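The structure displayed is predicted, hence computed values, not measured ones. Just so you know, these numbers use all the heavy atoms, side chains as well, and skip hydrogens, waters and symmetry mates. If you read the sequence from its start, that first residue is 1, and numbering goes on from there.
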Amino acid sequence: MAASNSRTKVNNVSPGGSHPLLTPCLEGLGKFSHLIDLDFMGELISCLKKLSGYSDRQDEIPNDNALSVSERLQCCIVVFKVWRSNLEALNVDLQDFFVQLYNLILEYRPDRDHGEVLADALKTLLWEGRQHDMLRAAAFIKRLATFALSFGSAEAIAALVTLKHLLQKNSKCRNMLENDSGGGSLSCLVAKYNPEATDPYLSGALASVLWELSLLEKHYDISVSSMASNILSMANLNPTQNPVPILNVNPLEAYRDLSLERELSKPASKALPLNLKRKRRAKEFVALSPDVLQKADCSVDKDELEEKLQSHFSVLRGISENERLRAELNHTLSSINMYKEYKKQKRKNMKVKTGRKKNSKALAV
């Protein structure tokens, strides 16, 4: 029993199971970074840089025993916590960790990695950071918009909160909200947008347009669609103006709120026996040969797919809007019934009072 309990504790720390002690070690470094001797800071940051997977050679093949995306993100978070706690005495260039975060966003998978760690990385590196360079901010804005379009509501709201914060800090990047076919008004500064660039400075994101927000505005989740609409409204404002805030939280808090709301809304399901699970898996998964996959026609009409997605999201939004209106109607009806009951009780009390007065007068006479 003791051995099984220790195993469950290890799995809670690191679901991958390959580096169970790394997560508590990184958390301890971030918590007690102000007590570390400055002579070791340089070596500590270089070690964390190596653990995060950053390499000066972009064509280098990663090792098989590399850390998971969540563990590498935690290395970047710890570096910034160490740097902020020793801001006056530590003079280091953290550009490489921004580059690593820029690339790790693409490697994130919700069924394998921790969304809370990614939201914490967005909060520590981008939300709490000082004003970013225009090129780097534009690259992260474009990548976060693409990321929000690809994953669930909790990840999307964390990305959009960070995106809005970057647009508020870098007013020149709001040109990416323009509906120009050739990019925003600053697109003449760069030749072409390269979404596969590993360096945010070389991505050319200023030549792109945030068309993803128009699709996110029709998202089935009202929190995501409201945030996308709020960001799009920034295009009509002056550079010094900011839209009305609809969510005054950082990316980590936004992710936790929406993921908790999603967990609470899940219906309770009974646990299936192990034999039934195995039978279902055997029926669901069918191994196809490579020849069959090559012969299969995987072409998709983009317009038809977009039309189906729009109709699907509009139906979902209609259902949620109908539920909201029904709840408001029930609340209004209950308020009206309570008011009627109050008036009825008040009239009854008035009749009792008048009857008492008449009786007292009769007795006096």
Nearest atoms (heavy-atom pairs only) where P251 meets V161: N-CG1, 4.0 Å
Under 3.5 Å: donor-acceptor pair, side chain of N230, backbone of S226: no
G53 versus Q100, closest heavy-atom pair with distance: C-NE2, 3.7 Å
Sequence neighbours excluded - salt bridge (charged side-chain N to carboxylate O under 4.0 Å, His left out) pairs with any residue from residues 335-350: none
Approximate separation, where rounding is to 0.5 Å, of C75 SG and K49 NZ: 13.5 Å
Note, P200 side chain near L135 side chain (heavy atom, < 4.5 Å): no
Sub-6.0 Å ring centroid separation between F80 and F98: yes
ILVMFWY cluster, L26 and L118 together (side-chain gap under 4.5 Å): yes
H219 and F313 aromatic ring geometry - parallel, tilted or perpendicular at 30°/60° bounds: parallel
Heavy-atom pair with the smallest gap, counting every atom of A158 and L122: O-CD1, 4.2 Å
Expected output: side-chain D113 to main-chain R109 donor-acceptor under 3.5 Å: yes
H165 side chain to W127 backbone, donor-acceptor under 3.5 Å: yes
Residue pairs fulfilling salt bridge (charged side-chain N to carboxylate O under 4.0 Å, His left out) with at least one residue in residues 205-216, sequence neighbours excluded: K142-E212
Closest non-hydrogen atom pair, D199 against Y102: C-CE2, 4.4 Å
Heavy-atom side-chain contact between L309 and K218 under 4.5 Å: no
Under-4.0 Å salt bridge between E321 and R324: yes
From T23 atom OG1 to E71 atom CD, the distance as rounded to the nearest 0.5 Å: 5.5 Å
Min side-chain heavy-atom separation W211-L149 under 4.5 Å: yes
Residue among S153, S320, S314 satisfying side chain to side chain donor-acceptor pair (under 3.5 Å) with Y220: S153
